[in-house]
Amino acid sequence: MHKTPKEETVIPTVGHWMDGQLIEDTARTQPVYNPATGRSERQVALASVQTVEAAIAAAEKAFPAWRNTPPLKRARVMSKFKVLLEAHADEIAALITAEHGKTLADAHGELQRGMENVEYASYAPELLKGEHSRNVGPGIDSWSEFQALGVTAGITPFNFPAMVPLWMWPMAVVCGNTFVLKPSERDPSSTLFIAQLAQEAGLPPGVLNVVNGDKEAVDTLLRDPRVKAVSFVGSTPIAEYIYAEGCKHGKRVQALGGAKNHAIVMPDADIPNAVNALMGAAYGSCGERCMAIPLVVAIGDDTADKVVEALKVEIAKMKVGPGTDDRNDMGPLVTRQHYEKVKAYVDSGVAEGATLVVDGRKVQVAGHEEGYFLGACLFDHVQPGMKIYQEEIFGPVLGVVRVASLQQAMQLIDDHEYGNGTCIFTRDGEAARYFTDHIQVGMVGVNVPLPVPVAYHSFGGWKRSLFGDLHAYGPDAVRFYTKRKTITQRWPSAGVREGTVFSFPSSR
Ligand code: NAD
C-alpha cells in the first residue's frame, strides 16, 4: 500500500556546510545508526565530485581576506568558539553518543580534549611570530615567517567525531588557511554541529567547510590542485593510500593510521594500580581508540597470573549498556558490521589456541537486543603469531602475552608493524628510563596507560602508525599548516654600499 506524503516517515539528512550555509543533499545517502538500538534515525549525504569542488571553491574564495586577517583577530574567533563549545557541550556529547555509542562521560572527555586544541589555537599570534636575526651581514637583516598554504583539507575517523576534527582545522585556520573537512560518514552529526558554532563565533563563511561523504569525496580532495595540504586520521591501509595519492598530486600530507599498543607490566609494578589503568585503557570507549591498550606483556608467569586474576575481578564489575545511562561503563560498538568483525577476531583467538578467560560474546542488554553490544573479552597466553596479536581489532578485547624479561617484551614491541603508543608499569626508574629511551614507538607512558600528548605537544606514532614527517596538532601543526619564507633585506646607504662582487656572498 502506498503511503501519502504526510504518512511517510521523513528521515532527517545530515547534509554539508559550505560557504556558511547548510546544504541539503539527498542525491546519494547512507543510513546513520544508533548503535545502542540498531535503528537508523538519520541518513548522511554522500557528496558528489561537484559538491566537493564547490566546497573547495568556497574555501578558495575565502582565503585572501582570511590570510590577511591579523592573527590576533583569527585567535579571538577561537576564544569565542571555545566558550560556545562549553555552552553546548551537553548537546554535542548527546550527538556523539547517539551515533558512536560511547558513554556520555566519555563523549564529554573527547570534547574536552578537543577544546584544549582550540585553546592552543588561540595562541596563534605567539605561535606565528617567526624568527628574526639582525645584522646577519653589514646592514643586512634576515627573518623567517610562516605563511599560510591556502586551501587545506582533513579526513577524519569515526572514533573521535569531535576531537580529531578539532586536532586539525582550528590550527589550520589560525595559521591563515581555509579548510574543507570530510568527517566519518558513520557519525557525522556532532562534527557538523560544531562547524556551525565556529561561524557563530565569528569565523567568516567559507573558511571552514564540511562535506560529508565517502571515497568519492576523499578522492576529489586528494586530486584537486587547489587543495595544498591534507591531514588524515584513520586505519593504516587507508592512511597509506591517502599518503601515496596525496603526494602523487603534489600535496603536503600527514596520514595517521592504526595501532596495536602494548603495555608492559614489570614484576615490581603496583599491580592493583596497573590493572585499574588497564581496564580503562582496554575497555573504555569499547576499545575503539587508537591509543587503547589491547595487549598486556607481563614479565614472568607470577606477574601474568596476578594481572589476569585481578582483571577477571574488575571485568565482573563492569556494566555494559547504552551510553546514555551514566551507570554504564561501556557502550556498544559503532556498527553491526564492526561488531561482527570484532566477534570474528574473538572466534579466531579461540581457534588459534589462546585461552579465553572472559568471554563477552554472550552479553545481552535487556531492551536493547538489536544494539551492537559486546562484553569485555580477556585472552591469556596470546602468542605473537596469532591474528589477535598481530592485527588491530578495535574492540573490547584484551590479550595477555607472557614473556621472561623486559628485553623480550621490548623486542616484541619493536618487531610489531605499528608504533603508536606504549607504556610500562613499574617502580624501577632505571628500567623505565631504558624503556622510554630505546622503544621504537612515538608516544610512551610510564605508569600512564594512554599517553595522549596534551594540546601543546604534538601527537603521532612511528612505523606504520603515521605516514608523513610531522605529527598532529601542537607545535608540529604550525609547521604542517604553513610554509616558511626567509627574507634577507638590506637598505643600501653610503656606509654599507658595496661594489660589484662575483664571489658567493658569505660573512668571511
Ligand atoms: P577508516 O580508515 O575506515 O576511515 C577514516 C576516514 O577515511 C573516513 O572519513 C572514511 O570515510 C575515509 N575512507 C574510508 N575508506 C576510504 C577509501 N577507500 N578511500 C578514501 N577514504 C576512505 O577508519 P575508521 O574506521 O573511521 O577509524 C578507525 C581507525 O582510525 C582505526 O584504525 C584507528 O586506529 C584509527 N585512528 C588513528 C588515530 C591516530 O591518531 N593514529 C586516531 C583515531 C583513529
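Computed from heavy atoms alone, side chains included, the values below leave out hydrogens, waters and symmetry copies. Order of listing sets the numbers, starting from 1, for every ligand and every atom in it. Since this is a predicted model, take the numbers as computed values, not measurements.
- Within the 4.0 Å heavy-atom criterion, the part of N159 lying near ligand 1 is the side chain and not the backbone.
- A salt bridge links E216 to R28: at least one charged side-chain nitrogen sits closer than 4.0 Å to a carboxylate oxygen.
- Put simply, no part of Y418 is less than 4.0 Å from ligand 1, judged by heavy atoms.
- For E288, the heavy-atom gap to ligand 1 stays at 4.0 angstrom or more.
- Side-chain atoms of K182 and T156, non-hydrogen and from C-beta on, never get closer than 4.5 Å to each other.
- No more than 12 heavy atoms of other residues, nucleotides or ligands sit less than 6.0 Å from atom CD of Q337.
- The local environment of CD in E24 is sparse, with at most 12 non-hydrogen atoms from other residues, nucleotides or ligands closer than 6.0 Å.
- Residue contact annotation: A217 has no non-hydrogen atom under 4.0 Å from ligand 1.
- Interface of F459 with ligand 1, defined as ligand atoms under 4.0 Å from a residue heavy atom, comprises 39 (C), 40 (O).
- By the neighbour-count criterion of 12 heavy atoms within 6.0 Å, atom CD of Q199 is densely surrounded, having more than that number from other residues, nucleotides or ligands.
- With respect to atom 34 (O) of ligand 1, the closest heavy atom belonging to the protein is E392 OE2, 2.6 Å.
- Contacts between R289 and ligand 1 below 4.0 angstrom, taking non-hydrogen atoms only, are absent altogether.
- The ligand atoms of ligand 1 that sit less than 4.0 angstrom from a heavy atom of I155 are 6 (C), 7 (O), 9 (O).
- Heavy atoms from other residues, nucleotides or ligands lying under 6.0 Å from CG of D469 number 12 at most.
- When the heavy atoms of G460, S465, S184, G257 are ranked by distance to atom 41 (N) of ligand 1, first place goes to G257.
- Under 4.0 angstrom from ligand 1, the non-hydrogen atoms of P183 all belong to its backbone.
- Contacts between Y473 and ligand 1 below 4.0 angstrom, taking non-hydrogen atoms only, are absent altogether.
- When side chains are defined from C-beta on, Y481 counts as touching T152, because their heavy atoms get closer than 4.5 Å.
- Ligand 1 has no atom lying under 4.0 Å from any heavy atom of G461.
- Considering only non-hydrogen atoms, atom 35 (C) of ligand 1 lies nearest to G234 out of P157, G258, G234, C290.
- Of the candidates F232, F394, Y241, F232 brings a heavy atom nearest to atom 7 (O) of ligand 1.
- Short contacts between ligand 1 and W167, defined as distances under 4.0 Å to a heavy atom of the residue, involve ligand atoms 40 (O).
- In this structure D415 satisfies the side-chain hydrogen bond (donor to acceptor under 3.5 Å, both in side chains) test together with Q411, sequence neighbours excluded.
- In terms of protein heavy atoms, atom 2 (O) of ligand 1 is closest to S235 OG, 2.7 Å.
- Within the structure, the ring-ring contact (aromatic ring centres under 6.0 Å, His included) test picks out the following pairs touching residues 379-403 (sequence neighbours left out): F158-F394, H262-Y389, Y389-H416.
- The shell of residues lying under 4.0 angstrom from ligand 1, judged by heavy atoms, includes V233.
- Among L181, V233, V230, I238, the single residue meeting the side chain to side chain contact (heavy atoms under 4.5 Å, CB included) criterion with I155 is V230.
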